[in-house]
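Every number for a ligand or one of its atoms is a count from 1 in the order of the listing.
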Amino acid sequence: MSKSYNIAVIGGDGTGPEVAREGVKVLKTAANQFGFKLNFEEYDYGGDRYLRTNEVLPDNAADELRRHDAIFLGAIGHPDVKPGILEKGILLKLRFELDQYINLRPVKLFPGVETPIKDKGPKEIDYVIVRENTGGIYTGTGGVSMKGTPHEVAVQSMVYNRFQVERCLRYAFDYAQKSGKKARGLSDVNTLGLVGKTNVLTYVFDLWERAFHEIGEADYPEIKRDYYHVDATCMWMVKSPEWFDVLVTTNMFGDIITDLGAMTQGGMGIAAGGNINPEGVSMFEPIGGSAPKYTGQNIINPLAAICAGAMMLKELGETEAGNAIETAVADVTANKLKGLAAGRMGYSTSEVGDLVAGLVA
Ligand code: IPM
Ligand code: MN
């Protein structure tokens with residue numbers, strides 16, 4: 001009997017449903033081609049549902065989603081809803097409740113895609129950022145007092161415990177071992193770089209740095225260990241991206257540097273990410289957001305969602321099918337698209353989905 005996977009689809013807001021639809025189209029084709037089954041079930045979580053029902057997420061949402069093998073997400077963020085409500089109430093809530101403690105974000109320049117970085121190509125821009133996804137400033141304690149007065153105090157602290165740090169680092173070391181540049185035949189060593197701020201945030205990054213070297217020395221001696229301050233990382237991501245293989249960092253730093261990474265790989269139209277619980281249910285998404293001004297025009301780029309689908313298949317163990325989607329995307333960027341920006345691809349959203357699906361079939 002062929003394998004079968006239950007996938008929850010949350011189209012979400014703005015152009016989310018349009019790009020998710022193309023992702024599902026390509027995923028269905030890959031399933032047919034590679035001999036497994038995908039059962040999709042749609043959920044209407046997002047801004048429209050919130051405006052209609054005044055409920056951000058039903059109480060049973062996490063339990064409902066937990067019944068699936070993976071979650072495929074379009075985008076969250078609605079122009080008529082105050083910033084923060086949906087982001088915190090849906091996206092972050094699901095990451096935390098489903099304990100998706102890794103955010104995996106490949107920074108990969110596909111062939112034919114224009115990068116703003118002069119003289120760098122697909123060979124140079126090809127690394128992965130492992131972002132801690134359920135701790136740090138995002139979940140640290142905080143509060144406000146004397147609000148609205150000249151003496152208002154606001155606190156939001158970066159909190160990590162050894163357990164959170166260690167499981168994230170172990171994932172990153174494992175990832176470097178399996179998928180680093182040596183594993184991919186691109187180098188004679190797999191390298192993991194820790195991105196921190198040990199020169200200022202001396203408590204939190206002392207914890208990260210000690211754990212990094214202890215774990216690396218004890219259990220992954222063959223993996224080369226590097227350390228970069230986060231500000232310098234931004235500099236090297238632009239100046240010498242070829243130095244990087246796998247990087248691991250905190251939630252907030254990871255949030256920031258992956259947007260920079262996305263721009264170097266051609267922008268939000270192509271950048272995909274996975275919110276991963278290695279022992280549970282993971283959620284895959286284009287990292288670009290809902291781009292509401294393009295809603296319903298069939299001009300948004302669906303490649304980021306399609307790449308998120310490829311990541312999902314690889315995480316589910318359908319590696320060949322995931323790779324086939326990526327190869328098809330590379331073919332489309334190299335030989336078909338005029339550009340990656342919405343309305344400038346030379347094709348509509350659904351046509352880009354058709355092109356990729358046609359190459360996977
Ligand atoms: C991301 C986004 C989210 C984050 C927002 C929308 C809460 O920027 O996935 O990078 O900060 O993690
Ligand atoms: Mn972000």
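Two residues are said to be in side-chain contact when any heavy atoms from C-beta on lie closer than 4.5 Å; Phe253 and Ile129 fail this criterion.
The aromatic rings of Phe244 and Tyr228 sit perpendicular, their planes meeting at an angle over 60°, well past the 30° parallel limit. A parallel orientation is assigned to the rings of Phe173 and Phe212, their planes being inclined by less than 30° (bins at 30° and 60°). Ring pair Tyr227/His229 is perpendicular by interplanar angle, where above 60° counts as perpendicular and below 30° as parallel. Between Phe36 and Tyr5, the ring planes are perpendicular. Angles over 60° get that label, and only those under 30° would be called parallel.
For ligand 1, the 4.0 Å heavy-atom shell takes in Glu87, Leu91, Leu92, Arg95, Arg105, Arg131, Tyr138, Asp255, ordered by chain and residue number.
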Run Arg210 and Asp206 through salt bridge (charged side-chain N to carboxylate O under 4.0 Å, His left out) and show every step you take. CA-CA 6 Å; Arg210 270 184 294 118; Asp206 179 55; 3.0 Å; yes
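Within the 2.8 Å limit, Asp259 places no N, O or S atom next to the Mn ion (ligand 2).
Looking only at atom types and distance, the side chain of Tyr294 has no donor-acceptor partner in the side chain of Glu18 under 3.5 Å away.
Taking the N/O/S atoms of Asp255 in turn, the shortest distance to the Mn ion (ligand 2) belongs to OD1.
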